[in-house]
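The next block holds one structure in the form of structure tokens; read it before the comments.
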Amino acid sequence: MTYLVIAWRRIRMRSPDLAVYGLRNMQPFCGWPMLTRISNNGSVPSISFTSSSIPKSSFRGTDLHSLNKKISHLIRTGRLCEAKTVFDNAEHRNTVTWNSMISGYVQRRELAKARKLFDELCERDIVSWNLMISGYISCRGSRYIEEGRNLFDNMPERDCVSWNTMISGYARIGRMDEALVLFNSMPERSVVSWNAMITGFLHNGIVEHAIEFFERMPERDAASLSALLSGLIQNGELDKASKVLTEHGNKDEAREDLVHAYNTLIAGYGQRGRVEEARHLFDQIPFCPDGGKEGNGRFERNVVSWNSMITCYVKARDIASARELFDLMTERDTFSWNIMISGYVHCSNVEEASKLFSKMPNPDTLSWNTMISGSMEIGSLKLANDFFERMPQKNLVSWNSMIAGYEKNEDYKGAVKFFTQMLLEGEKPDRHTLSSVLSVCTGLVDLHLGMQIHQLVSKTVLPDVPINNSLITMYSRCGEINQARTIFDEMKLKNDVISWNAMIGGYASHGFSEQALELFKLMKRLKVRPTYITFISVLNVCAHAGLVEEGRKQFKSMCSEYGIEPQVEHFAALVDVVCRHGQLEEAMDLINRMPCEPDTAVWGALLGACRVHHNVELAQVAAEALMRLEPESSAPYVLLYNLYVDMGQWDSATKLRTMMEKNKIIKQPGYSWVDSSCF
DNA sequence: GTAGGGTTAG
């Protein structure tokens, strides 16, 4: 696997930018074709270089308007490198040409490149300055905002956009005091300044100020009401949002945007599962089958209204109602199709999803990705592969879905294959990729690969809770329990039960009973609520450590204190606990009273204990049950035979051996609860 | 043809 990481490093060294954007944009780059050839197994789209097809002299003299139009079109369609080539080859440029290029880099967050152009540009206008400031603002760090502020303070003249950009910059990183100072000192405010303050307050949870500003603002535009409503909803103030809509929704000034506001609220109700109220709002919007085109200024349902309502039904798992609306729509967009397809993929009706997908006019990458994850959910790797191969444009989510799908379906080698291919094709893994690959390492019990991925994690992403959980699980499964504990101890946020389950489970499987129980106590003290998984580990620890009373106590506490319904795994552990204390009758009684069907672990625990405590009668019951559950397994025969031998019951032993031969049972080593040494 | 604030999905 070392070559995998080396490949990744090489890609990053050759072109850190292209490693991010990959083949999607097919930019010309000298190092790229070689890498593509390495990985070209037929699934990689062919590369077409457009740089050579652009005549160098195509933009001369007064044709600046066409040049600028061309560049902005290339940037809008994601072809930044092509735009740069056109820019470099142009004989004449004006400030708009430069600004467009700066804008392209700002949109991609490639600040160093944007700044280089900005510094090279002699005839800067106010837009150049505003663009560069917005570049720093969009990076949301305090270091960047200071640089943005520096430009703002030093620019020769400012317009309203400059002020608004700075205000929203402060608002986004929670520095509302500074936003307010700017707002109060700006010479002239626009409706955007007010809207920026309102969203700023709402992003920072200051609901009352947002409402106050909304009511105080001298004029409102299309965005004002929607900004307030969506912000209120994000703050969990759904009823307040509803009240605002009732109060302001009928005012003429907001009328043109009323659909927008209604749509926001419909989505808000949907998020909270309040489908009926959402439908009530939806029904209040006039429906004109011939109209509904956005921008006609009338208050009537548009495609987003339909999509939002369908989304509510999909979230509430009411696919029939969702489909009913979908079929009624006169004009659908990609979103409508995708949400309906994902609705079917989720109830797990991939067949119906496929039917819709095949009827869809222009499936986009998200549609293909939905079909991939749907196929994975029903365990069909072949179908997922088929979609993956056929899709015209793959993105990071496509790769992640394949890797996660292979991992979930326990085809770990397949997952590694896709991960390797992904790196070779220049797609940069994100935290989702790395988390899946760590689970792959756990599945393969491959510490070496796991450590390499850990290194990749350290270099590429800030480890979040799920990544740390995956690391803990990986290290503990690979036997490095101390390394797992180090990661656990270094986690600042310890409120996720999965982290605790991973660590306690790790201790449990390594037989560190004391540490497991200590951590379990600490977890409860920190008010992290244990789950049924926690109790499986805890009960197993009690069984292995022979802590009979503790085991009984924990089982009881799980049911009464935490209201967790015991599963067969808990009963298996409890039976084991009781058996280790030699109370076989009690164990048998427990098995008879179990609400679920006892499995091999339950009977295995009993049978193992029967041999230790020489209870032939119960051993026969347990062995028979095991033979029924797993007719091919030699384990119950072996154990029962050994017990007969221990007890000197030679006749029974011989009979059993004959039966075993008759049933063509072949002894297989490797059952942890079987001691076949004297067989 | 370039800059600032607002709805729906994984």
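Note that these values count all heavy atoms, side chains included, but never hydrogens, waters or copies made by symmetry. None of these values were measured; they are calculated from a predicted model. Letters go in sequence order (proteins before strands), and every chain restarts at 1.
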Worksheet item: How is A/T165 classified with respect to the nucleic acid when contacts are heavy atoms under 4.0 Å: base, sugar-phosphate, or nothing?
Response: sugar-phosphate
Practice prompt. Side chain of A/V191 only, please: which of B/dG5, B/dA3, B/dT7 is the nearest?
Written response: B/dG5
Item to complete: Can you tell me the distance, in whole Å, between the CZ atom of A/R124 and the P atom of B/dA3?
Response: 18 Å
Worksheet item: When we call it a touch if two heavy atoms are under 4.0 Å apart, what does A/S128 touch: a base, just sugar-phosphate, or nothing?
Response: nothing
Worksheet item: Which part of the nucleic acid, if any, lies within contact of A/A227, taking any heavy atom under 4.0 Å across all strands shown: a base, the sugar-phosphate backbone alone, or nothing?
Response: sugar-phosphate
Discussion item. Pair A/R115, A/E147 - check salt bridge (charged side-chain N to carboxylate O under 4.0 Å, His left out), show working.
Written reply: CA-CA 11 Å; A/R115 183 59 191 256; A/E147 193 54 43; 3.2 Å; yes
Response to the item:
In whole angstroms, the gap separating C1' of B/dT7 from CG of A/N307 amounts to 11 Å
Practice prompt. Could you tell me whether the side-chain ring of A/F335 sits stacked on the base of B/dT8, using a centroid cut-off under 5.5 Å and a plane angle under 30°?
Written response: yes
Practice prompt. Answer with base, sugar-phosphate or nothing: what part of the nucleic acid does A/L366 contact at a heavy-atom distance below 4.0 Å?
Written response: base
Item to complete: Round to the nearest Å and state the distance from A/Y344 atom OH to B/dA9 atom P.
Response: 19 Å
Practice prompt. Indicate, with a heavy-atom threshold strictly under 4.0 Å, whether A/N94 touches base, sugar-phosphate, or nothing.
Written response: base
Fill in: Between B/dT7 (C1') and A/L202 (CG): distance, integer Å
15 Å
Practice prompt. Taking the six-membered ring for Trp and the full ring for Phe, Tyr or His, determine whether the centres of A/F418 and A/F388 are under 6.0 Å apart.
Written response: yes
Worksheet entry | side-chain contact (heavy atoms from CB on, under 4.5 Å) partners of A/D239, counting only residues at least two apart | A/R274
Discussion item. Checking A/W194 now: which residues fulfil ring pair (Phe, Tyr, Trp, His ring centres under 6.0 Å) with it, not counting sequence neighbours?
Written reply: A/F183, A/F213
